[in-house]
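In the text below, chain A, chain B and the rest are named by the order of the sequence lines, each starting its count at 1. Keep in mind it's a predicted model, so treat the numbers as computed, not measured. For the numbers below, each heavy atom of this structure counts, side chains included, while hydrogens, waters and symmetry mates do not.
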Amino acid sequence: MRKYKSHIARKLSSLTGMDESDIGSLIETPPSDDLGDLAFPCFSLAKSLKKAPAAIAGELKGRIEPDEFLERIETKGPYINFFIDKKRLIASVIAEIAGAEENYGGSNEGSGKTIVIEYSSPNIAKPFGIGHLRSTVIGAALKRIYSHLGYSVQGINHLGDWGTQFGKLIYAFKQWGDEARLKENPIEHLYEIYVKIHQWEEEDPGIADATREEFKKLENGDEENTALWERFSDLSRVEFEKIYKMLGVEFDSSPGESFYVDKMPAVEKSLMDLSLLVKSKDATVVDLEKYGMPPALIRKSDDTSLYATRDLAAAIYRKNEFDFHKMIYVVGVAQTLYFNQLFKVLELMGNKWVADCHHASFGWIKLGDEMMSTRKGNIVFLDDVIAKTIEKTKAIIEENSPGLPEPEKVAFEVGVGAVIFADLAYRRDTDISFDWAKMLDFRGYSGPYVQYTHARISSVLRKYGKGVPANCDSDLLKLPEEFAMAKILSRYSDIIDKAAREFEPFHISSYLLELCGVFNTYYQKYKSAEDRILSTDPGATDARISLINAAGIVLRSGLRLLGISAPEMM
RNA sequence: GCGCCCAUAGCUCAACUGGAUAGAGCGUCUGACUACGGAUCAGAAGGUUGGGGGUUCAACUCCUCCUGGGCGUACCA
């Protein structure tokens with residue numbers, strides 16, 4: 001579709017003198033197909049030409065001739081509407097997808113460039129709730145999307161394995177730690193004593209001093225505390241690994257915050273050299289009042305470090321290590337101010353590359369009308385959700401597809417797919433309302449719906465009995481849905497670009513649903529012997545098979561980018 | 001208090017970043033299975049886009065005020 005846009009932009013540019021890319025960004029899709037395939041609104045020319053937009057449209061239309069790309073051109077009021085040459089579009093889309101296969105929609109725009117993405121980043125000793133899923137799934141999708149565009153991507157799991165909380169944890173474990181329970185279910189046990197110490201602190205402020213002291217000892221290398229911390233950390237990592245394996249999520253490294261502890265002094269030294277550090281209320285801070293922000297805390301009054309200290313070190317380390325083209329932090333919206341502060345401090349340190357750092361924030365997951373949070377204790381566990389979606393899938397398979405090969409494997413793929421899709425079906429910044437009924441509803445727009453459509457296409461291809469024809473006469477594809485499908489397929493690369501540009505995997509989910517909708521209508525609407533995909537006309541059948549094969553490839557590709565598998569049968 | 005974000009069909013979300021008649025799914029009602037897979041499809045009903053004012057050829061989108069919610073706001077991450 002991009003080719004057609006720039007073709008039109010080039011023509012209009014030579015006629016009006018307007019910048020080609022300016023025109024390109026004005027070109028839009030008409031609200032309905034019978035108005036045309038692409039449109040140019042003439043309002044922006046009205047001022048410079050001092051004429052009514054509608055008049056300009058009429059005049060320009062008279063000076064554009066249809067050509068091999070454009071079948072005809074019409075005007076409607078101030079809009080010039082372009083009708084794309086259908087046969088050409090269908091033929092080229094089929095050929096392009098068949099040629100590129102799984103690489104369709106990709107590019108090499110990222111070759112030689114590295115993108116660093118920080119995502120997931122759960123806290124050691126805290127349960128992996130469905131809230132952590134968002135960062136994990138969005139980040140993993142972005143990683144695949146950027147890879148598809150030729151970037152080299154560094155996926156980093158910035159585990160919360162350092163900080164004041166470990167003082168609490170160590171103190172609590174020394175009080176109530178149970179070796180057997182720690183081995184059996186480390187996260188559950190650690191979280192339990194963490195909650196307990198938290199409550200105790202609220203009742204007795206003296207305890208807070210004691211827990212702070214434990215963290216201080218840890219940061220100063222105390223042997224006993226370091227040993228405890230190491231065990232907590234190792235055990236938690238093993239637990240998280242199980243979840244990542246289930247979700248099919250991978251990282252290039254999982255250094256955790258602790259990795260940057262020995263890199264903090266250098267950062268603090270340069271802050272000092274730049275006279276950016278100020279003592280304030282016994283703490284060490286970077287004053288940001290000039291920029292309308294509260295100060296960035298670098299060192300607490302008890303002389304221990306903070307997350308900002310470690311994040312500064314991490315950012316600088318990553319720039320040196322990877323020389324990234326972009327760095328993306330997939331972190332919740334609650335930390336927006338914090339990232340503004342972090343980026344500002346990096347800027348004040350003279351790091352121009354801070355302009356390449358982005359906070360890809362995401363909204364909360366609500367349970368009822370409350371935000372889900374570990375603190376409030378109203379969280380839903382990821383394990384439970386996945387277990388239930390798998391169970392539900394099994395029930396449906398038993399009902400609808402008895403005798404399906406590898407039912408366990410398929411149930412797993414569909415169940416996990418449902419969970420991932422449910423998370424990526426919304427724009428990042430919207431708060432998601434978690435609802436069991438909705439989660440377990442595989443009808444309508446959902447992950448299983450997309451997978452089902454893919455399986456359906458696979459089924460027709462199987463029934464066709466031969467390999468997808470190498471050549472076909474696509475001129476035989478005359479049904480409106482066939483053109484509509486080709487048009488959607490031609491937009492795939494634009495969608496991927498947009499998803500990458502805006503850090504929004506949602507655009508891909510939304511696109512896949514649109515594609516499924518058109519295919520399913522097409523599939524269901526034409527039942528006569530001549531109009532079906534597998535029809536009495538061998539030529540038309542070959543052409544239709546070629547088209548739906550292309551649709552199948554795109555569905556598979558899109559699902560893969562989202563991190564969802566595409567079973568052939570389900 | 002100050003700052004940022006949100007408010008769209010009964011519910012959950014879209015709307016190409018200022019463009020043509022605001023669209024989907026679920027729910028409700030009505031239809032399509034001796035099937036190229038019904039985990040599907042077709043149709044109907046459902047809206048003063050929270051409210052007022054403004055900016056302009058054009059506002060769900062931008063500015064302003066109001067109402068109602070959320071988050072953040074120095075020693076948590």
Quantified in whole Å, what is the C1' atom distance between nucleotide B:A32 and nucleotide B:G38?
9 Å

Mark yes or no for a side-chain to base donor-acceptor pair under 3.5 Å between A:Ser401 and B:G37, with no hydrogen or angle criteria applied.
yes

So, A:Tyr79 and B:A20: ring centres less than 5.5 Å apart, planes less than 30° off, yes or no?
yes

Within the 4.0 Å heavy-atom criterion, would you say A:Phe442 contacts the bases, only the backbone, or no part of the nucleic acid?
base

Which nucleotide, in any strand shown, forms a Watson-Crick or G-U wobble pair with B:U12, with both distances under 3.5 Å?
B:A24

Between the base of B:A20 and the side chain of A:Asn81, is there any donor-acceptor pair under 3.5 Å?
yes

Need one value for A:Met570: base, sugar-phosphate or nothing, where a base atom within 4.0 Å counts as base even if backbone is also close, heavy atoms only.
base

Could you please name the option among B:A24, B:C41, B:C76 that lies closest to any side-chain atom of A:Asn520?
B:C41

Watson-Crick or G-U wobble partner of B:U40, both distances under 3.5 Å
B:A32

Contact class for A:Tyr449 (heavy atom, under 4.0 Å): base, sugar-phosphate, or nothing?
sugar-phosphate

Taking A:Arg544 first and then A:Glu482, would you say they form a salt bridge - that is, a charged N and a carboxylate O separated by under 4.0 Å?
yes

Tell me which nucleotide, if any, is Watson-Crick or G-U wobble paired with B:A7 when both distances must be under 3.5 Å.
B:U67

When we call it a touch if two heavy atoms are under 4.0 Å apart, what does A:Ala334 touch: a base, just sugar-phosphate, or nothing?
sugar-phosphate

Which of these nucleotides, B:A39, B:U17, B:G38, is closest to any side-chain atom of A:Arg427?
B:U17

Select base, sugar-phosphate, or nothing to describe what A:Thr521 touches, counting heavy atoms under 4.0 Å on all strands.
sugar-phosphate

Closest to the side chain of A:Arg443, out of B:U12, B:G19, B:A39, is B:A39

Mind checking A:Val331 for me? I need base, sugar-phosphate or nothing, with any heavy atom below 4.0 Å counting as a touch.
nothing

For residues A:Phe83 and A:Leu38, determine if any side-chain heavy atom of one lies less than 4.5 Å from a side-chain heavy atom of the other.
no

Could you let me know what B:A59 is paired to, Watson-Crick or G-U wobble, both distances under 3.5 Å, or none if it's on its own?
none

Categorize A:Asp302 for me: base, sugar-phosphate, or nothing, with a 4.0 angstrom heavy-atom threshold over every strand shown.
nothing

Name the nucleic acid region contacted by A:Phe215, choosing base, sugar-phosphate or nothing; use a 4.0 angstrom heavy-atom cut-off, strictly under.
nothing

Do A:Val450 and A:Tyr445 come within less than 4.5 Å of each other through their side chains, counting heavy atoms only?
no

With heavy atoms under 4.0 Å as the rule, sort A:Ala39 into base, sugar-phosphate or nothing.
base

Across the strands shown, which category fits A:Arg310 at heavy-atom distances under 4.0 angstrom: base, sugar-phosphate, nothing?
sugar-phosphate

Within 45° cone and under 6.0 Å: A:Lys126 NZ/CZ vs A:Tyr191 ring
no

Under the 5.5 Å and 30° test, is A:Phe43 stacked on the base of B:A58?
no

Describe the nucleic acid contact of A:Thr29 in one word from base, sugar-phosphate, nothing, applying a heavy-atom distance below 4.0 Å.
base

With a 4.0 Å cut-off on heavy atoms, is A:Ser510 in touch with a base, just the backbone sugar-phosphate, or nothing at all?
nothing

Is A:Gln341 close to A:Gln335 at the side-chain level, that is, under 4.5 Å between some pair of heavy atoms?
no

Assign A:Arg532 to base, sugar-phosphate, or nothing according to its heavy-atom contacts below 4.0 angstrom with the strands shown.
base

In whole Å, what separates the C1' atom of B:G54 from that of B:C16?
27 Å

Any strand counts, and the cut-off is 3.5 Å on both contacts for Watson-Crick or G-U wobble. Which nucleotide pairs with B:A74?
none

Please classify the nucleic acid contact of A:Ile432 as base, sugar-phosphate, or nothing, using heavy-atom distances under 4.0 Å.
sugar-phosphate

Can you tell me whether the base of B:U61 sits syn or anti, using the 90° cut around 0 to define syn?
anti

Assert yes or no for the condition that the ring centre distance of A:His358 to A:Phe503 is strictly below 6.0 Å.
yes

Flag for A:Asn81-A:Thr75: side-chain donor and acceptor within less than 3.5 Å:
no

When only distance counts, do a donor and an acceptor, one from the side chain of A:Ser280 and one from the base of B:A74, lie under 3.5 Å apart?
yes

Rounding to the closest angstrom, what is the interatomic distance between B:G72 and B:U28 at atom P?
38 Å

